[in-house]
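Since we're looking at a predicted model, the values are computed, not measured. Proteins get letters first, then strands, A, B, ... in listed order; numbering begins at 1 in each.
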2 protein chains.
Amino acid sequence: MTFSSPGAGPLTIGEAERHSGVPKETLRVWERRYGFPAPTRDAAGDRLYTVADVEKLKRMKALIDAGERPAQLAGLGIDELAARAPKPAPANDAVGEWVEAALDRLRRHDVDGLRDLLQAGIYARGLERFVQDNVAALTRAVGEAWVGGRLQVYEEHLFTEQLVRVLRGALDGLPRPPAARPRVLLTTAPGEPHALGLLMAECLLTLGGARCLSLGPETPPEQIAGAAAAHDADVVALSFSGMFGEAAARAFARDLRGQLPATTELWAGGACAGLADLAQDGVRPLVNLADIPEALAGWRFAAARKER
Amino acid sequence: MTFSSPGAGPLTIGEAERHSGVPKETLRVWERRYGFPAPTRDAAGDRLYTVADVEKLKRMKALIDAGERPAQLAGLGIDELAARAPKPAPANDAVGEWVEAALDRLRRHDVDGLRDLLQAGIYARGLERFVQDNVAALTRAVGEAWVGGRLQVYEEHLFTEQLVRVLRGALDGLPRPPAARPRVLLTTAPGEPHALGLLMAECLLTLGGARCLSLGPETPPEQIAGAAAAHDADVVALSFSGMFGEAAARAFARDLRGQLPATTELWAGGACAGLADLAQDGVRPLVNLADIPEALAGWRFAAARKER
DNA sequence: CGTGGCAGTTTGTCCAGGACAATGAGCATG
DNA sequence: CATGCTCATTGTCCTGGACAAACTGCCACG
């Protein structure tokens with residue numbers, strides 16, 4: 001594995017895969033079919049991608065994950081791709097203005113100001129509404145700004161870091177009675193590194209009186225099943241971001257469902273498309289964050305009926 | 001992408017890659033050269049790996065990352081692989097006993113007890129010595145226990161999660177004067193998802209009076225350079241875990257060094273082998289955590305001399 | 001007019017078997 | 001003992017083809 005110089009010089013296919021998220025096989029087949037990317041070759045005949053190639057690949061992947069088709073996208077320029085990005089909704093209400101203020105501080109690199117604004121949001125609206133409204137709107141806005149090329153990658157990293165910090169701090173302040181029910185095991189599938197959704201869910205679940213245990217991201221299914229058994233979990237909750245493939249999410253959830261005892265519920269939430277269809281497979285889809293309190297109430301109702 | 005059923009049934013080569021961490025190309029070439037793994041085929045001729053194959057692959061990868069060679073390992077059984085794992089050092093001193101106590105709670109799934117023990121360690125020894133001695137020894141012990149098959153993957157996840165929680169909490173309690181110097185930008189290279197080392201470094205740096213800004217893991221080099229410029233960083237600090245390749249680490253550090261202004265120092269720490277050689281490339285290697293206060297003092301000395 | 005099934009197209013993943021550059025090991029020489 | 005050289009080991013990349021799953025558009029039917 002050589003890292004070459006992704007900043008100035010050309011990247012190998014492996015580096016292009018890591019930086020863009022598009023697998024090697026797919027890069028080669030796109031080249032064959034659509035003529036993009038069209039990398040030069042080094043002395044050994046290995047492909048060399050430019051930074052601009054990788055930048056365009058990232059945009060393409062974001063749009064494909066949002067439902068577009070590669071054949072339509074490959075011929076477009078980088079600015080035309082940005083034009084296809086979903087338009088940022090105008091800021092009309094209070095949350096919208098708050099989101100704009102946060103984005104503004106992010107763009108001006110005012111890290112402390114951003115953190116203060118996040119923290120102030122919690123105090124002003126309470127943690128539950130903050131997570132459900134402000135955080136949800138803000139992460140969407142940041143994602144859209146990134147796809148549209150109005151935000152650097154490092155600015156997104158910075159944003160995530162500050163949000164994690166504030167949410168973790170809030171979570172530490174909540175009471176966590178050890179005997180609370182349901183006991184919820186939180187994690188993501190392998191290949192899904194985004195842990196922010198997990199943290200948001202943990203906030204709402206803990207607020208709702210559940211006992212949360214987070215494994216962090218990327219736990220293999222048999223390990224999830226093992227952990228659920230060891231910790232006597234009533235519910236396993238998964239988070240799938242919008243970047244995660246629909247088919248992969250369904251296959252993973254179905255597989256995990258098969259490995260869990262029938263008495264353990266499986267919940268799945270996040271921005272991933274087609275989540276609602278999971279209901280057929282014995283998985284409870286949480287299409288938006290407001291479904292979490294509902295799901296908790298549902299579990300408690302069922303548990304109470306079983307008691308009798 | 002199908003996820004199949006890694007718990008019960010056979011896995012495709014892509015799933016085997018995701019679950020074992022060994023790339024597809026390497027799986028095929030190992031099969032050709034060493035005869036392991038020897039997957040069956042489905043009707044279409046695609047490889048089908050068993051769960052046992054993947055389990056052995058995980059162990060092999062762990063040992064290879066620790067310096068063993070694949071040709072020696074491929075012929076061994078799963079128990080012989082476990083026997084090759086480094087022996088856990090006997091617990092003689094106070095830290096050793098504390099580590100044993102923590103491992104014990106982890107194995108008994110006493111999450112609250114583990115967190116209390118971690119927290120108590122901070123109070124008893126102070127954050128600086130806690131991070132330098134206890135956390136360093138504990139993470140090493142957990143890594144060894146995992147390679148030796150004495151710890152499940154999910155137990156390791158659980159451990160990391162609790163440690164992150166406690167360290168983040170401690171960090172929130174530290175004063176962070178906005179004007180403090182040096183200003184340190186923290187992150188890892190793409191392909192290095194482990195953020196624990198980053199968090200430990202952030203603790204020690206903040207204790208040492210530096211102003212830290214963490215980007216979280218996996219920031220591309222040009223983005224690091226951009227962030228360093230935007231935030232007027234005096235130092236960029238990278239963390240490379242033991243899983244990260246030596247050559248890749250060097251190439252990445254050298255590349256980044258070239259993109260940073262000469263007045264910005266570049267520090268690199270972590271368990272990655274061959275880190276010390278980076279000194280030739282204008283990178284300051286931090287071979288163990290105790291080097292961090294030293295590096296800070298060195299920067300302050302140089303900065304003071306420049307003032308005059 | 002809506003709905004379900006069917007053929008055609010698009011798309012991602014996998015295969016074989018060869019090649020090569022970088023790393024590490026073993027050995028000879030100063 | 002240190003340094004340099006050669007050889008074996010190892011991971012990554014190549015080509016060009018194949019195929020199954022998902023999605024499209026179309027038509028017939030209720």
For A/T188 and A/E218, which heavy atoms make the closest approach, and how far apart are they?
OG1-N, 2.8 Å
Pairwise distance NZ(A/K61) to CG(A/L63) - rounded to 0.5 angstrom
11.0 Å
Measure distances between side-chain N and O atoms of A/R33 and base N and O atoms of C/dG12, and say whether any donor-acceptor pair falls under 3.5 Å.
yes
Whether the side chain of A/R28 and the base of C/dG12 hold a donor-acceptor pair under 3.5 Å is what I'd like checked.
no
Whole-Å distance between C/dT10 C1' and A/R69 CZ?
5 Å
Side-chain N or O of A/Y34 closer than 4.0 Å to phosphate OP1/OP2 of C/dT11:
yes
Round to a whole Å and report the spacing from CD of A/Q72 to C1' of D/dC23.
12 Å
Under the side chain to side chain donor-acceptor pair (under 3.5 Å) test, residues paired with B/T219 that sit two or more places apart
A/H157, B/T187
Within this structure, what is the CZ-to-C1' distance between B/R32 and D/dT9, rounded to whole angstrom?
14 Å
Rounded to whole Å, how long is the line connecting atom CD1 of B/I64 with atom P of D/dT12?
11 Å
Using a cut-off of strictly less than 4.0 Å, decide whether A/T12 has a side-chain nitrogen or oxygen near OP1 or OP2 of D/dC13.
yes
Whole-Å distance between C/dC15 C1' and A/K24 NZ?
16 Å
Atom CD1 of A/I13 and atom C1' of C/dA21 are separated, to the nearest Å, by 17 Å
Both A/W30 and B/V29 contact DNA chain C. Taking the nearest nucleotide for each, which residue is further toward the 5' end?
A/W30
C/dT13 phosphate, OP1 or OP2: any side-chain N/O from A/T26 under 4.0 angstrom?
yes
Of the candidate nucleotides C/dT13, D/dT10, C/dT11, which contains the atom at the shortest distance from the side chain of B/P70?
D/dT10
C/dC15 C1' sits how many Å from B/R41 CZ, rounded?
8 Å
For A/Y49 and D/dC13, what is the distance between atoms OH and C1' respectively, to the nearest whole Å?
11 Å
Quick check against the 3.5 Å criterion: does A/Q223 have a side-chain atom that pairs as donor or acceptor with the backbone of B/Y154?
yes
